[in-house]
Amino acid sequence: MPEKKTGERRPRRSSDHGDSDGGEDSPAPNLRSSSAAPTAKKPQVLPSMIKNKAKRSEVHAKLKQQKKTEKRKKLKARTAAEKRALELGEELPPRKVPRTIENTREADETFCKGDDEELFAQFQSDEFSSILNKEHTPKVLITTSRFHSTRGPAFISELLEVIPNATYYKRGTYELKKIVKYSTKKDFTSIIVVHSNRREPDALLVIALPYGPTAHFKLSNLRLRKDIKNHGTPTSHPPELVLNNFTTQLGCRIGRLIQSLFRQDPDFRGRRVVTFHNQRDFIFFRHHRYTLEPKENKLEDSSTNSKVKKTSVEFKARLQECGPRFTLKLRSLQHGTFDTKGGEYEWVKKPEMETSRRRFFL
């Protein structure tokens with residue numbers, strides 16, 4: 001058997017407490033010294049990461065309250081900075097513009113500019129120029145599809161109050177092409193067809209006479225006057241027309257088509273406003289009455305020692321909705337009058353066009 005080695009000592013390594021040259025033992029290094037790497041931050045716990053419903057709602061409420069507090073502090077700081085700038089006579093600090101889908105939309109080649117002379121020359125010779133130049137008075141025929149809905153007659157009666165010089169004719173069994181010929185002979189300038197599906201109006205067809213074009217809109221979110229809280233009753237005065245955010249060539253063409261339905265000489269005594277507001281290619285329709293209420297503001301005259309008070313009168317506008325309220329979405333724009341077989345289309349909505357949320361056509 002091999003002999004056991006006794007009396008041998010293990011050689012000391014340089015990593016032990018002593019140095020390699022056999023000096024005195026040095027103290028162990030301090031692992032918590034200031035030169036050590038900083039500890040990682042604790043990851044934020046999001047409500048979606050919590051499985052317990054009660055705990056999740058509690059964390060969500062805390063985060064919501066924290067955001068409210070930060071927003072209130074920023075608002076107070078901005079108000080104080082504006083007040084300080086007014087006292088010192090300096091310029092007000094610039095306000096930040098929020099990023100929205102509208103102001104970050106994709107660039108469009110057909111965007112209309114205010115100094116585009118060719119575009120305005122086209123407007124002077126298009127199908128709507130005779131009406132918009134007050135050479136002809138608009139005259140509108142309103143009819144329905146062959147199977148109209150239960151809410152269709154109520155919607156048409158309110159459309160007759162909105163659009164001046166509008167007349168309703170029953171559709172019966174007549175084809176739309178025959179109605180177009182009849183309307184052209186009777187000097188109508190436009191036709192509006194209210195289409196219904198499942199007893200609910202779901203589309204509008206607007207035909208400009210006698211040479212077109214024809215626009216097909218999807219109709220949604222319809223609310224009649226009786227469904228609007230605190231609604232008003234409109235008068236028979238011709239309304240004022242407001243068109244917002246029709247910025248492309250297609251949008252200008254749709255805007256002029258809508259404009260040709262209304263008279264170009266509104267009666268301001270009626271205080272009626274009809275608004276077509278385009279936002280993300282959805283056209284929102286609203287019908288209001290407005291009142292201008294005077295309000296006196298008392299101002300102290302600091303130039304004289306006497307306590308003389310000046311008054312300034314400001315007018316505040318108050319709106320009352322008259323109805324109806326609905327939303328339009330353009331589906332197609334066709335050259336000429338209605339023709340499903342041989343008609344040529346200027347623009348048709350297709351699924352492959354929806355390549356981005358920030359791409360708009362009107």
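Only a predicted model underlies this, so the values are computations on that prediction, with no experimental measurement involved. FYI, side chains are in, hydrogens and waters are out, and symmetry mates aren't considered; it's all heavy atoms of this structure.
To the nearest 0.5 Å, atoms CD1 (Ile207) and OG1 (Thr337) are separated by 7.0 Å. Here the straight-line distance linking atom CZ of Arg263 with atom NZ of Lys134 works out to 10.0 Å at 0.5 Å rounding. Considering CD of Glu293 and OH of Tyr290, their distance stands at 13.5 Å, rounded to 0.5 Å. Rounding to the nearest 0.5 Å gives a distance of 11.0 Å between NE2 of His277 and OG1 of Thr327. How far CZ of Arg271 is from CG of Leu319: 11.5 Å, rounded to the nearest 0.5 Å. The distance from the NE2 atom of His136 to the CZ atom of Phe128 is 15.0 Å, given to the nearest 0.5 Å.
Within a 6.0 Å sphere centred on CD of Glu352, heavy atoms belonging to other residues, nucleotides or ligands number more than 12. More than 12 heavy atoms of other residues, nucleotides or ligands shown are found within 6.0 angstrom of CD on Glu135. More than 12 heavy-atom neighbours from other residues, nucleotides or ligands sit within 6.0 angstrom of CD on Glu90. The local environment of NE2 in His335 is crowded, with over 12 non-hydrogen atoms from other residues, nucleotides or ligands closer than 6.0 Å. In this structure, His60 places its NE2 atom where only 12 or fewer heavy-atom neighbours from other residues, nucleotides or ligands lie under 6.0 Å away. The environment of Lys349 atom NZ is dense: over 12 non-hydrogen atoms of other residues, nucleotides or ligands sit within 6.0 angstrom. Shown here is Glu200, whose CD atom has more than 12 heavy atoms of other residues, nucleotides or ligands within 6.0 Å. Surrounding CZ of Phe284 are more than 12 heavy atoms belonging to other residues, nucleotides or ligands, all under 6.0 Å away.
Closest non-hydrogen pair, Met353 versus Phe361, comes out as CB-CZ, 3.8 Å. Minimum heavy-atom separation, Thr137 to Thr189: O-CG2, 4.0 Å. In terms of heavy-atom proximity, Ala203 sits nearest to Leu219 at N-CB, 3.6 Å. Pairing each heavy atom of Ala85 with each of Pro93, the nearest pair is CB-CD, 4.4 Å.
Residues satisfying the side chain to side chain donor-acceptor pair (under 3.5 Å) criterion with Arg289, sequence neighbours excluded, are absent altogether. Applying the side chain to side chain donor-acceptor pair (under 3.5 Å) test to Gln122 and every residue at least two apart in sequence or in another chain returns nothing.
Looking only at distances, a side-chain donor or acceptor of Lys139 sits under 3.5 Å from a matching main-chain atom of Lys186.
A centroid separation of less than 6.0 Å is found between the aromatic rings of Phe155 and Phe326.
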### Task
Go through the steps to decide whether Phe360 and Asp108 satisfy the test side-chain contact (heavy atoms from CB on, under 4.5 Å), and finish with yes or no.
CA-CA 8 Å; Phe360 308 120; Asp108 197 336; over 6 Å; no
#### Entry: Trace of the side-chain contact (heavy atoms from CB on, under 4.5 Å) decision for Asn221 with Arg325
CA-CA 8 Å; Asn221 301 330; Arg325 179 195 302 177; over 6 Å; no
### Message
Quick one, Arg105 with Thr247, criterion side-chain contact (heavy atoms from CB on, under 4.5 Å). Give me CA distance, side-chain angles, the key distance, then yes/no.
### Response
CA-CA 12 Å; Arg105 62 182 291 180; Thr247 54; 3.6 Å; yes
### side-chain contact (heavy atoms from CB on, under 4.5 Å) evaluation trace for Gln279 with Glu102
CA-CA 8 Å; Gln279 186 173 357; Glu102 284 81 11; 3.3 Å; yes
Would you tabulate the side-chain donor-acceptor contacts of residues 63-81 under 3.5 Å, counting partners in other chains and residues two or more places apart, or write 'none'?
| unit_1 | atom_1 | unit_2 | atom_2 | d |
| --- | --- | --- | --- | --- |
| Thr69 | OG1 | Gln65 | O | 2.8 |
| Thr79 | OG1 | Leu75 | O | 2.8 |

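Checked for salt-bridge contact, Arg272 and Asp267 miss the test: no charged N lies under 4.0 Å from a carboxylate O. Residues Glu158 and Arg151 are not paired through a salt bridge, judged by the lack of any N-O separation under 4.0 Å between the basic side chain and the carboxylate.
The side-chain hydrogen bond (donor to acceptor under 3.5 Å, both in side chains) test with Arg225 is passed by exactly one of Glu161, His231, His287: Glu161.
Side-chain contact between Ile254 and Asn278 is absent, with no heavy atoms from C-beta onward closer than 4.5 Å. Residues Leu362 and Ile283 are in side-chain contact: their nearest non-hydrogen atoms beyond the backbone lie under 4.5 Å apart. Inter-residue side-chain proximity for Asn133 and Gln264 is flagged as unmet; no heavy-atom pair is nearer than 4.5 Å.
A continuous path of hydrophobic side-chain contacts links Val140 to Leu132 [ILVMFWY only; heavy atoms under 4.5 Å].
Side-chain contact annotation: Thr104 with Arg358, donor-acceptor N/O pair under 3.5 Å present.
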